[in-house]
Amino acid sequence: MIEPYNPREIERQVQQRWSSEPGFSRSGDSADRFYCLSMFPYPSGKLHMGHMRNYTIGDVISRYHAMRGRAVLQPMGWDAFGLPAENAAMANGVPPAEWTRNNIDHMRSQLKALGFAIDWDRELATCEPEYYRWNQWLFLRLLEQGIAYKKTGVVNWDPVDQTVLANEQVIDGRGWRTGAVVEKREIPMYYLRITDYAQELLDSLAQLDEWPERVRTMQANWIGRSEGAEISFACGQHIIKVFTTRPDTLMGATYMAVAAEHPLAREAARDNPALAEFIAACQHGGVSEAEIATQEKLGMDTGLRAIHPLTGAELPVWVANYVLMGYGEGAIMAVPGHDERDFEFARKYELPIVQVITRPDDQPYDATKWHEDYAGRDGRLVNSGPHDGLSCEQGFEAIVADLERQDAGRARVQFRLRDWGISRQRYWGCPIPIIHCEHCGDVPVPDEDLPVRLPEDLVPDGAGNPLARTPEFVDCSCPSCGRPARRETDTMDTFVDSSWYFMRYPCADNDKAMVDQRTDDWMPVDQYIGGIEHAILHLLYARFWTKAMRDLGLVNHDEPFARLLTQGMVLAETFYREDEAGRRTWYNPADVDIERDDKGRMIGAVLRSDGNPVLAGGIEKMAKSKNNGVDPQSLIEHYGADTVRLFSMFAAPPEQSLEWSDAGVEGAWRFLRRLWQHCRSHALAGAMPGARPDGGKLAAGGRELRRRLHETIAKVGDDFGRRYTFNTAIAAVMELSNELQRFKPADDNDRALCQEAWETVVRLIAPVTPHIAEVLWADLGHQGSVFAAGWPEVDPAALIRDAVTVVVQVNGKVRARLDTEPGSSRERLTDLALAEDNVARFVSGKPVRKVIVVPDKLVNIVVG
RNA sequence: GCCGGGGUGGCGGAACUGGUAGACGCGCCGGACUCAAAAUCCGGUUCCAGUGAUGGAGUGAGGGUUCGAUUCCCUCCCCCGGCACCA
């Protein structure tokens with residue numbers, strides 16, 4: 001009698017064994033190292049499905065490489081600073097530190113229950129002084145290098161709460177708590193000169209050939225290198241500097257536009273109340289690019305006039321809300337004839353539009369309607385005086401040369417990328433180690449005084465930074481002159497914390513240095529896994545930080561992540577009811593029963609508790625707001641970790657979004673139970689560990705099974721090691737297992753085949769469902785961990801086929817299939833194909849014009 | 001608005017280099033077992049026509065290249081991610 005599959009019991013036992021004997025080597029001594037890193041989680045309270053999926057992917061890859069004999073490092077930590085802890089504090093009055101640490105404890109135990117082979121000795125949390133002191137230390141080094149510097153920046157200001165808001169706290173231009181119209185406000189902040197690295201960050205994307213192409217494209221577009229010219233326009237005593245990618249259209253410039261924050265706009269507003277009012281109005285609304293790009297284009301004439309550097313013509317200078325102070329020079333030369341935004345603006349304010357580039361086929365220029373080709377570079381210059389007739393490229397060169405002669409401009413490269421503002425006016429973050437002294441200015445905290453510790457007992461209330469109201473933190477003496485001084489109360493962007501945590505894991509116990517030799521030994525990360533939502537910011541900052549550390553001589557690699565896998569989101573069905581006012585109440589899918597028609601289509605759904613209907617709201621990302629989150633914890637308790645891991649790897653390839661399905665989990669559970677039953681019944685009949693069949697003595701069925709077995713080894717190894725398509729790997733193991741379960745051994749040689757096959761199935765599935773694999777491996781007669789047993793080898797002799805199926809098409813449509821010996825000649829395949837009745841039917845009476853043969857695969861007969 | 005990705009049966013997905021569309025799983029239908037139900041096992045399952053052999057249609061829509069297109073090219077529609085202070 002085989003005892004039933006009881007995951008709770010076996011997972012507990014196996015995890016206990018792993019805690020003393022992890023099953024695979026993590027020592028850093030091996031030359032063949034593999035650093036497998038998953039993005040560390042924000043400790044929000046409990047593990048969600050996205051985490052579960054992310055870390056399962058990492059664990060599968062780690063365990064696969066361990067079975068291949070590599071020393072694997074798979075660490076875990078906590079991205080523990082950030083806004084949600086402050087929000088929780090406001091809601092419950094609990095200090096962020098306490099809330100965060102409780103969450104970490106809970107989530108750590110959840111990760112352990114999932115059986116991830118994490119090296120917990122290296123755990124770190126960014127809110128611990130032992131970690132963030134090195135943020136501060138490196139910041140001071142960057143300050144010495146001039147990479148860190150101070151300037152003003154624009155933030156969202158809530159005039160009621162008197163506080164700076166994050167972009168996500170601005171909803172339709174209003175503060176989330178107060179509903180007050182948000183204003184833009186300029187404040188001093190610290191920046192990092194990531195733009196100094198823009199060219200290298202762009203160039204070295206080319207060496208990241210194991211990153212998804214789309215991530216590299218997004219980063220390249222984000223960095224946004226453009227070649228153009230810097231041009232100076234005289235405006236009274238002032239010079240307006242602009243950057244343009246189209247100096248060839250300079251003769252079409254009909255006005256200038258400056259940002260509302262531009263010094264010239266402010267000066268012009270001093271004695272122009274209407275303009276001052278307009279500039280003030282431009283301060284309303286949030287600072288995010290999406291908000292600015294979608295707002296209506298507005299502008300006002302400053303009354304100032306700039307001089308065109310080549311023609312001497314007077315150009316009106318406008319203030320326009322579509323010009324960004326943060327990009328280029330905060331001013332543009334407007335060429336409405338050939339720039340869509342300028343065209344729209346010029347039409348609206350009736351500014352002149354001049355064509356200076358011809359259209360394709362010399363079509364006439366229509367200044368009443370924008371055409372796509374206006375922005376093209378294929379035409380020739382017109383209305384451009386001496387440059388008429390030049391191509392855009394030649395015009396570019398000629399006009400830049402003119403400008404250089406007059407000292408009014410030069411060719412220049414401009415990046416879209418802006419310097420990284422790291423100051424945050426928030427409590428729960430890493431303090432910026434600066435002391436403000438009335439006499440000495442901004443003084444760095446001396447290294448020996450690091451870390452500047454964040455007080456952990458404060459509770460934010462939404463109105464400003466509580467640090468600023470804490471004299472014990474703020475009041476200090478100047479390190480330079482010793483007189484009373486004030487400590488900086490801004491903290492660092494949490495992207496700083498996450499820009500180097502992966503370099504700390506290898507040396508997490510070092511309290512003397514930020515990184516040491518072990519960091520160089522393990523870096524770069526061989527495989528990094530995380531959400532696609534981090535494709536730009538986090539990954540770009542981490543790349544920059546790595547290069548900055550390299551230039552300080554701290555590490556010797558250029559790029560932190562050799563290979564990147566970006567996982568998709570986890571989605572679930574949503575259900576709701578609507579009251580008379582149109583307000584929706586959302587119900588968790590776990591509490592809803594689905595009604596189906598006889599084809600399995602959903603025709604309705606009812607709430608289990610009251611039996612009344614609910615409406616389906618479509619499939620959406622799991623979120624609190626839609627109450628469609630499925631809790632991994634309850635599933636683990638019900639089915640065990642292996643089932644949940646198996647389903648999440650099986651339901652979709654990792655890069656795609658994953659639609660959660662309880663029925664699908666049930667299917668994964670059934671598979672594991674069948675595996676358990678059949679594998680154990682084989683073992684019970686007499687395990688023969690390590691036995692292998694004599695291939696020559698197998699009957700046709702056995703040979704077929706053995707061929708499938710070895711094909712599956714090759715397929716699964718490729719899927720785990722190269723393609724990372726865990727879903728197809730699992731499907732292949734399922735197919736093999738189904739076939740094996742149907743196979744009835746006739747003699748001892750067949751039983752040896754069964755032993756080989758079960759040992760293989762268990763090892764192939766082990767990275768995904770490690771607990772059941774360990775137990776079945778022991779049942780098959782083996783001592784020690786399945787992860788120490790190594791990955792199965794493909795026997796090439798087993799792969800040889802007796803027959804192949806060749807498809808026969810007539811004019812591209814399948815008309816027959818041939819079972820034939822492999823390696824048949826073109827002629828033989830053609831003859832066999834034409835001899836098929838159904839093929840003859842479609843060929844008869846028509847001349848054969850062509851026959852295409854793909855050996856062992858396909859014959860296509862083209863007739864008529 | 002800008003940048004990036006996606007769209008295949010009732011559902012999740014497979015088809016890796018242009019060569020059998022729908023592997024595997026779910027759901028559904030039928031059967032076995034059972035006093036009965038659950039569980040389990042066996043069979044069927046893209047749609048339309050046909051008892052069947054088979055035929056026709058079919059990978060968001062439209063067009064193109066090709067002997068052959070889910071795959072390559074063009075136009076369009078819809079959904080999702082990012083947009084620098086969510087992480």
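Order of the sequence lines sets the chain letters (A, B, ...), proteins ahead of strands, with each chain counted from 1. What you see is a predicted model, and the numbers here were worked out from it, not measured in a lab.
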Which nucleotide in B:G19, B:C24, B:C83 has an atom nearest any side-chain atom of A:V854: B:G19
Within the 6.0 Å centroid threshold, strictly below: A:F81 and A:Y132: yes
Complementary nucleotide of B:A23, counting Watson-Crick and G-U pairs under 3.5 Å: none
Where protein sits on nucleotides 2-7 of chain B, one letter per nucleotide: B base, S sugar-phosphate only, - none, heavy atoms under 4.0 Å: -SSS--
Protein-nucleotide distance (A:E836, atom CD; B:U54, atom P), rounded to Å: 11 Å
Any N/O donor-acceptor pair, A:R722 side-chain to B:C16 base, under 3.5 Å: yes
Distance, rounded to the nearest Å, where A:D342 contributes CG and B:G1 contributes P: 18 Å
Nucleotide opposite B:C72 in a Watson-Crick or G-U pair, distances under 3.5 Å: B:G64
C1' gap between B:U20 and B:U70, integer Å: 14 Å
OP1 or OP2 of B:C24 under 4.0 Å from side-chain N/O of A:R670: no
A:K715, nearest nucleotide to its side chain (from B:G55, B:C86, B:C16): B:C16
A:I292 CD1 to B:G82 P, straight-line distance once rounded to whole Å: 18 Å
Touch class at under 4.0 angstrom, heavy-atom based, for A:I852 against every strand present: base
Pairing of A:R801 and A:E711 as salt bridge, 4.0 angstrom limit: yes
Interatomic distance at P, B:C77 relative to B:G25, whole Å: 40 Å
Nearest-angstrom distance, P atom, B:A21 to B:C42: 29 Å
Touch class at under 4.0 angstrom, heavy-atom based, for A:S44 against every strand present: nothing
Whole angstrom value for the distance that separates C1' of B:G13 from CD of A:E735: 14 Å
N or O in side chain of A:R673 less than 4.0 angstrom from B:U40 OP1/OP2: yes
SB check A:E655 A:R214 (cutoff 4.0 Å): yes
Positive for ring pair (Phe, Tyr, Trp, His ring centres under 6.0 Å) with A:F40, one of A:F502, A:Y501, A:Y528: A:Y501
Heavy-atom donor-acceptor pair, A:K348 side chain to A:K297 backbone, under 3.5 Å: yes
For B:A57, the Watson-Crick or wobble counterpart (both distances under 3.5 Å): B:U46
A:L858 CG - B:U17 C1' separation (whole Å): 15 Å
Short side-chain N/O contact to B:G25 OP1/OP2 from A:N738, under 4.0 Å: yes
Phosphate OP1/OP2 of B:A15: any A:R723 side-chain N/O under 4.0 Å: yes
Residue A:T494, side-chain heavy atoms: nucleotide from B:A87, B:G1, B:C67 that is nearest: B:A87
Selection from B:C67, B:G55, B:C83 that lies nearest to any side-chain heavy atom of A:N838: B:G55
Sugar-phosphate, base or nothing in reach of A:F650, heavy atoms under 4.0 Å: base
Selected nucleotide, minimal atom distance to A:N167 side chain, candidates B:C86, B:C83, B:G25: B:C86
Test: A:R815 cationic atom under 6.0 Å from A:F842 six-membered ring centre, within 45° of axis: yes
From B:A84, B:A87, B:U20, nucleotide with atom closest to A:R416 side chain: B:A84
Whole-angstrom distance between B:A38 and B:C33, as gauged at atom P: 15 Å
Listed nucleotide nearest any side-chain atom of A:P653, set B:G13, B:G27, B:C24: B:G13
Under 3.5 Å side-chain donor-acceptor pair for A:W78 and A:N103: no
Salt bridge flag under 4.0 Å for residues A:K715 and A:D719: yes
Cation-aromatic face contact A:R680/A:W676, 6.0 Å, 45 degrees: yes
Base partner of B:A84, which must satisfy Watson-Crick or wobble distances under 3.5 Å: none
Touch class at under 4.0 angstrom, heavy-atom based, for A:H538 against every strand present: nothing
Length of the line joining A:F726:CZ and B:A14:P, which is rounded to integer Å: 13 Å
Candidate nucleotides B:C67, B:G25, B:A39, ranked by approach to the side chain of A:R674 - the nearest: B:G25
A:N727 side chain near B:A14 phosphate (N/O to OP1/OP2, under 4.0 Å): yes
C1'-based separation of B:G7 from B:A53 [nearest Å]: 37 Å
Rounded distance in Å - CD (A:E291) to C1' (B:G82): 16 Å
Neighbour count above 12 (heavy atom, 6.0 Å) for A:Q162 CD: yes
Side-chain N or O of A:K857 closer than 4.0 Å to phosphate OP1/OP2 of B:G19: no
Sugar-phosphate only, base, or nothing, as touched by A:D719 at under 4.0 Å among non-hydrogen atoms: nothing
Rounded distance in Å - CD (A:E739) to C1' (B:C24): 13 Å
